[in-house]
Amino acid sequence: MNQEEYDQFQLDTLAIRTGHTRTHEGEHGEPIFLTSSFVYKNAQEAADKFQGREKGNIYSRFTNPTVGMFEKRLAALDGGERAVATGSGMGAILAIMMAYLKAGDHVVCSRDIFGSIVGLFDRYITKFGVEVTYVDLTDLIQWKSAVRENTKLFFLESPSNPLAMIGDISAVAEIAHQNNSLLVVDNTFCTPVLQQPIKFGADLVVYSATKYIDGQGRALGGAVVGNHDLLEEIFGVVRTLGPSMSPFNAWVFLKGLETLKLRMKAHCEGAQEVANWLEKHEKVERVYYSGLESHPGHELAKVQQSGFGGIVSFEVKGGKDAAWKVIDSTQFISITGNLGDVKSTITHPATTTHGKLSKEAQQAAGISDGLIRLSVGLEDIHDIIRDLSRGLDLI
Ligand SMILES: *Cc1c(COP(=O)(O)O)cnc(C)c1O
């Protein structure tokens, strides 16, 4: 099928059919091209490919057929023209920074982003003379007033982690574009199944494929999605600097995309059920899930997302001791910082993912000592609820 034929298909079909061009072997499943380099028929072909006169594979740091299949499939799902895959989500974000920032530039970024991104900005990118201003994801006045003459990039993650606050992508895109800046949206939590940021004006969408796209906790990977011109620059950075995706991992993610919609639907249903149950629980102070009407982002999430996602955070009464009791009393829910897995996972943000923040910074970010983050997996929902009850009944 060519691109025009693909354009008529729905997401479910694209997730399964895009990207793979059958080889002469007639394989049905997508092949894994575990090869670091590619060979040429003769010296002329090698010269033509190296000098860009002829298209084709040269070396897997640049392009690889299996990685290319994943890129095409992800771009199709996201409504983007092109994707570039990377060795991790952080590799994807680094590639964006290297491609689009230089000394003297300024970035406006939502405060509640994935912890390592803050590290990337504060410890490394600033070393090269780039300044970053952090703003409240939901406060458009802060986004607007942070803009300077040298602002080049806006970065947001929605829903935020761990409180599932929702940022208004269209509104921030408008502010960015009025100032000739790019808007980058980290869409790791929603995946293209629940949210397509390009539709709302994002210029670049970034993923940690390590989470829901794999969905079974096996491989590290990332990607950037956007239009051809913007992605050509990202491709240049990745092929030269080297945070490229392994073909084996690309194959894992490629297969992950085939079931992503089904899995996301099940994650959303499970999370909604757990959130509803927690909200009524007497030992629970507050539940953060945008699928609840009590959540401040509920209405906006309904506009931007086709589901509320699989992450539920909740605050138990009794602070850290109570939270740890709930976590330690679980029988099968995994105590790990990872998320987006078929296995449910549980974390205490104040002492792990957000443990490096000062108490004041934690309070400002709404990370209380009693807060627990749960990534609802695909185990039986009654078993998950029972596993949480074990600790909640003790506090
Ligand atoms: C995990 C994560 C990242 C980083 O991705 P890695 O694959 O771990 O490098 C970036 N953003 C979000 C929202 C994440 O959850």
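With 3.5 Å as the limit, one finds a donor-acceptor pair spanning the side chains of Thr63 and Asn57. Judged purely by distance below 3.5 Å, without hydrogens or angles, the side chains of Glu157 and Asn161 never pair a donor atom with an acceptor atom. The closest side-chain donor-acceptor pair between Asn249 and Arg218, if any, does not fall under 3.5 angstrom. Side-chain N/O atoms of Tyr207 and Asp186 include no donor and acceptor closer than 3.5 Å. Counting only N and O atoms by type, the side chains of Thr259 and Arg263 include a donor and acceptor under 3.5 Å apart.
Inter-residue side-chain proximity for His295 and Phe308 is flagged as unmet; no heavy-atom pair is nearer than 4.5 Å. When side chains are defined from C-beta on, Ser294 does not count as touching Tyr288, because their heavy atoms never get closer than 4.5 Å. When side chains are defined from C-beta on, Phe248 counts as touching Leu34, because their heavy atoms get closer than 4.5 Å. The closest side-chain heavy-atom distance from Thr353 to Phe114 is not below 4.5 Å. Looking at heavy atoms from C-beta onward, Val237 lies out of side-chain contact with Thr240 at the 4.5 angstrom threshold. No side-chain heavy atom of Ser334 sits under 4.5 Å from any side-chain heavy atom of Ser344.
Annotation: cation-pi geometry not satisfied between Lys280 and Trp277 (NZ/CZ under 6.0 angstrom from ring centroid, within 45° of ring axis). For the pair Arg373 and Phe314, the cation-pi criterion (under 6.0 Å, within 45° of the ring axis) is not fulfilled.
Annotation for Phe332: atom CZ counts as buried by contact number, over 12 foreign heavy atoms lying within 6.0 Å. Around CD of Gln178, the count of heavy atoms belonging to other residues, nucleotides or ligands within 6.0 Å exceeds 12. The environment of NZ in Lys211 is crowded: more than 12 heavy-atom neighbours from other residues, nucleotides or ligands sit within 6.0 Å. Heavy-atom neighbours of Arg53 CZ from other residues, nucleotides or ligands within 6.0 Å: above the threshold of 12. A 6.0 Å sphere centred on NZ of Lys343 holds no more than 12 heavy atoms belonging to other residues, nucleotides or ligands. More than 12 non-hydrogen atoms from other residues, nucleotides or ligands lie less than 6.0 angstrom from NZ of Lys283. A 6.0 Å sphere centred on NZ of Lys317 holds more than 12 heavy atoms belonging to other residues, nucleotides or ligands.
Judged purely by atom type and a 3.5 angstrom limit, Thr151 has no side-chain atom pairing as donor or acceptor with the backbone of Val107. The backbone N or O of Tyr134 lies less than 3.5 Å from a partner atom in the side chain of Arg111, making a donor-acceptor pair. Formation of a donor-acceptor pair under 3.5 Å by the Asp214 side chain with backbone atoms of Phe253 is not found in this model.
When the options Leu137, Leu156, Leu300, Val303 are evaluated for a side-chain contact (heavy atoms from CB on, under 4.5 Å) with Asp168, the one that passes is Leu300.
Other residues sharing the hydrophobic cluster of Ile16, ordered by chain and number and joined by side-chain separations under 4.5 Å: none, the residue standing alone.
Remark: Asp203 pairs with His177 by the side-chain hydrogen bond (donor to acceptor under 3.5 Å, both in side chains) rule, at least two apart or across chains.
Between Lys152 and Asp105 there is a salt bridge, since at least one side-chain N of the basic residue sits less than 4.0 Å from a carboxylate O of the acidic one.
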Next item on the list: Would you check, one step at a time, whether the test side chain to side chain contact (heavy atoms under 4.5 Å, CB included) holds for His228 with Leu231?
Entry: CA-CA 5 Å; His228 278 295; Leu231 266 284; over 6 Å; no

